[in-house]
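Letters A, B, ... mirror the listed sequences (proteins, then strands); counts begin at 1. As a basis for the values below, the full set of heavy atoms in this structure was taken, side chains included, without hydrogen atoms, waters or symmetry mates.
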Amino acid sequence: MKTHDCGTLRPKDAGTAVKLAGWVQRRRDHGGLIFVDLRDRSGVVQVVVNPERVGPEVFARAERLRSEYVIMVEGEVVRRMPGMENPALATGEIEVVATALEILNEAATPPFPIDRPVDVEENLRLRYRYLDLRRPDLQRNLALRHRVTQAIRSYLDKQGFYEIETPMLTRSTPEGARDYLVPSRVNPGTFYALPQSPQLFKQLLMVSGFERYFQIARCFRDEDLRADRQPEFTQLDVEMSFVDENDVLSLIEGLIAHVFREALGVELAPPFRRITYQEAVDRYGSDKPDLRYDLPLVDVSSQVAGSGFRVFSDAVAKGGVVKGINAGPGKGGWSRREIDQLGEFAQQHGAKGLAWILYGQAEPRSPIAKFLSEEELKAVGEAMGASTGDLLLFVADTRAVANDVLGRLRRLLAEKLGLIPSGTYEFCWIVDWPLLEWDDESGRYHAMHHPFTSPNPEDLELLETAPEKVRARAYDLVLNGYELGGGSIRIHQRELQTRLFRVLGIDEEAAQNKFGFLLEAFTYGAPPHGGIALGLDRLVMLMAGGESLRDVIAFPKTQRAMCLLTQAPAEVDPAQIRELRLRLDPEVAAFKQS
RNA sequence: GGAGCCGUGGUGUAGUUGGUUAACACGCCGGCCUGUCACGCCGGAGAUCGCGGGUUCGAGUCCCGUCGGUUCCGCCA
């Protein structure tokens, strides 16, 4: 139907007869002469309908054109007259003089403008997602996503990886997020779970001897949503045999550099920084620090341990810390109101209070300065690199609370102070994670990564005596404060896996029941292996400069996990429920009636 | 589960201390126009202000509830 793509025509095509097809972006009707901006995936080109070149019938047809009509145009590419070029348009040096024009389909007036990037209410965009997707931003983002996945596939193929699919209907596993469940009709009373990740299958593929596997895999987690969390999302899942941490990290560094080069034309400089978990938490108050700005947390416990300010000295005496952050001079000084807002923020996130000092001012403006000696003030200021007028903020609490609150404050301050440069990509690896984490709620240890993560062999003897001190052979990849993904070297020996399950409070029987197939597989010659999973949506989102996953997913869900286009989830025919041998909770049924 | 913000013609917004004709731009419809490209000019249609209740002589505006969207906390790796 078409010989060329609209957006690709250039002066060198002048004189060529072309057939184009696409959507009417805009029509400019001058009465005796009609201009049509014709758009297809490749871009826009101006079509001129001149009664001297077409019959009255075609001209009348051009007069009928409206926005988003689908048309086919035959014509000749001509250079525009001097002075008539449009530098804003890639095809602006030429135009297509129509010789024939056909309306392939009419279009209702769209509910929001397609040709301009107007901010439209989210629910309208989602309801008419197919129209939203016509707009330039989403066209660009999905094209980028395509280039990213293609770059991933070609890179990993060259590195000897096989792309292998794993089941979507699998079994529910304990640990981790809530599963999406699918009832089995053939086996009443039993359920599949949609995979949270292909974790177990990719390990089994290593036992199978594939050595290098990857998959661009859809994953499902039934948890509450965020701007960077959708209920179904896509992971680049990778697993390799006979590797250690460095092999995985350098492979991924090479992959990421390749992807950025191919898809964005951006040169990165691997290797990426490696930061231990402890360092990240101590210095940035986060296990996914944004390194586009510094703004470090400073421990001033030793400087204020003996202070007359009881809040400080008591916190230290009780084994806690006093940590601070230097918020700098602000944008032309800090108002009391701004400082109070920071204090409220700190309290909302669990601090008892936020102490502050406007450093070195003749009249040191601070509610706490009078409790600190000159020497203490000076020592604190030095530790924090303070100059006159800097706002120093402090949290005195347990180490965990102080780090968490100040880490959040750090992010807030960076935003408020405009310290975040755009268009830069600061990658880092977070390494040396704790293997386990005590969970008060369930009264047992949880795997911080997942229960198949190998402990650091140096810490193995602590596994039963001081589990929280055991380091994991795990790593996270962080970009601009977002967790892009994580992985680990896995346990590949049955004994160690059983031992770890025991520490996690999963007894032999439960382990057999839930993971028997994996434990058994390990007895048949499982190679040492490890891997990683990267959030593809997040990666593309950050590459696209977006702030929401919705901007890089063709058909995303709302925060209530609804698809406004198809109205999913929806009720089903009662017969379907009966067939599955399920019954609705009467309360739910009653609620639906009302 | 909790907190914040948003909801006014098709779209994006304005709407004063509550005061009676709800404004503007774009879009849409009709007319004119042969060099526009966010074409221009003339004319026109179109909203009971998300929904329900309350306060009031009077509610887009105040209060309560509810629905939807969104951001965050909890949750989630």
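For the P atoms, the distance from B/rU66 to B/rA23 is 34 Å, rounded to whole Å. Spacing between B/rG43 and B/rG4 at atom P, rounded to whole Å, works out to 48 Å. With both ends at atom C1', the span from B/rG65 to B/rC72 equals 24 Å, rounded to whole Å. The separation of B/rC24 from B/rG9, taken at their P atoms, amounts to 16 Å, rounded to a whole angstrom. Comparing B/rC63 with B/rG18, their P atoms are spaced 11 Å from each other, to the whole Å.
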Review point. Can you list the steps and then say if A/Arg10 with A/Asp13 is a salt bridge (Lys or Arg N to Asp or Glu O under 4.0 Å)?
Key: CA-CA 6 Å; A/Arg10 292 292 181 276; A/Asp13 299 305; over 6 Å; no
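Separating the CD atom of A/Glu68 from the C1' atom of B/rG27 is a distance of 13 Å, rounded to the nearest angstrom. Distance, A/Arg226 CZ to B/rG74 C1': 8 Å, rounded to whole Å. In this structure, CZ of A/Phe220 is placed 20 Å from P of B/rC76, rounded to the nearest angstrom. Atom CD in A/Gln559 sits roughly 14 Å away from atom P in B/rG74 (whole-Å rounding). Summarising the geometry, the separation between CG on A/Leu38 and C1' on B/rC37 is reported as 14 Å, rounded to the nearest angstrom. In this structure, A/Leu225 places its CG atom 14 Å from P of B/rG1, rounding to the nearest Å. Taking atom CG of A/Asp224 as the reference point, atom P of B/rU71 lies 13 Å away to the nearest angstrom. Counting to the nearest Å, the P atom of B/rU71 and the CG atom of A/Asp228 are 9 Å from each other.
Within a 6.0 Å radius of OH in A/Tyr180, other residues, nucleotides and ligands contribute more than 12 heavy atoms.
Within the structure, a side-chain polar atom (N or O) of A/Arg26 is placed less than 4.0 Å from OP1 or OP2 of B/rG27. A/Arg28 has a side-chain polar atom (N or O) that falls below the 4.0 Å cut-off from OP1 or OP2 of B/rC39. Residue A/Ser67 places at least one side-chain N or O under 4.0 Å from the OP1 or OP2 atom of B/rC28. Distances shorter than 4.0 Å separate none of the side-chain N or O atoms of A/Thr109 from OP1 or OP2 on B/rG10. For the pair A/Arg550 and B/rU70, the criterion of a side-chain N or O lying under 4.0 Å from OP1 or OP2 is met.
For B/rC37, its base sits under 3.5 Å from the side chain of A/Arg80 at one donor and acceptor pair at least. Residue side chain A/Glu95 reaches the base of B/rG35 through a donor-acceptor N/O pair under 3.5 Å, judged by distance alone. Applying the 3.5 Å distance criterion, the base of B/rC76 shares a donor-acceptor pair with the side chain of A/Arg229. With hydrogens and angles ignored, a donor-acceptor pair under 3.5 angstrom links the side chain of A/Arg116 to the base of B/rA38. The base of B/rU36 sits with one of its N or O atoms less than 3.5 Å from a complementary donor or acceptor on the side chain of A/Gln46.
For the atom pair A/Glu121 CD and A/Phe112 CZ, the distance stands at 11.5 Å (nearest 0.5 Å).
Using a 30° and 60° split on the angle between ring planes, A/His349 and A/Phe345 fall in the tilted class, from 30° to 60°.
Residue ring and base: A/Phe112 does not count as stacked with B/rU11 (centre distance below 5.5 Å and interplanar angle below 30° not both satisfied).
The nucleotide whose nearest atom lies closest to any side-chain atom of A/Asp37 is, among B/rA77, B/rG35, B/rC37, B/rC37. Side chain of A/Arg560, nearest nucleotide from B/rU11, B/rG69, B/rC73: B/rG69. In the set B/rC76, B/rC75, B/rG69, the nucleotide with an atom closest to the side chain of A/Glu122 is B/rG69.
Base pairing of B/rG52: its partner is B/rC64, meeting the Watson-Crick or G-U wobble criterion (both donor-acceptor distances under 3.5 Å).
Ring to ring, A/Phe515 and A/Phe501 are close: their centroids are under 6.0 angstrom apart.
With the nearest nucleotide of RNA chain B identified for both A/Asn86 and A/Glu437, A/Asn86 has the one nearer the 5' end.
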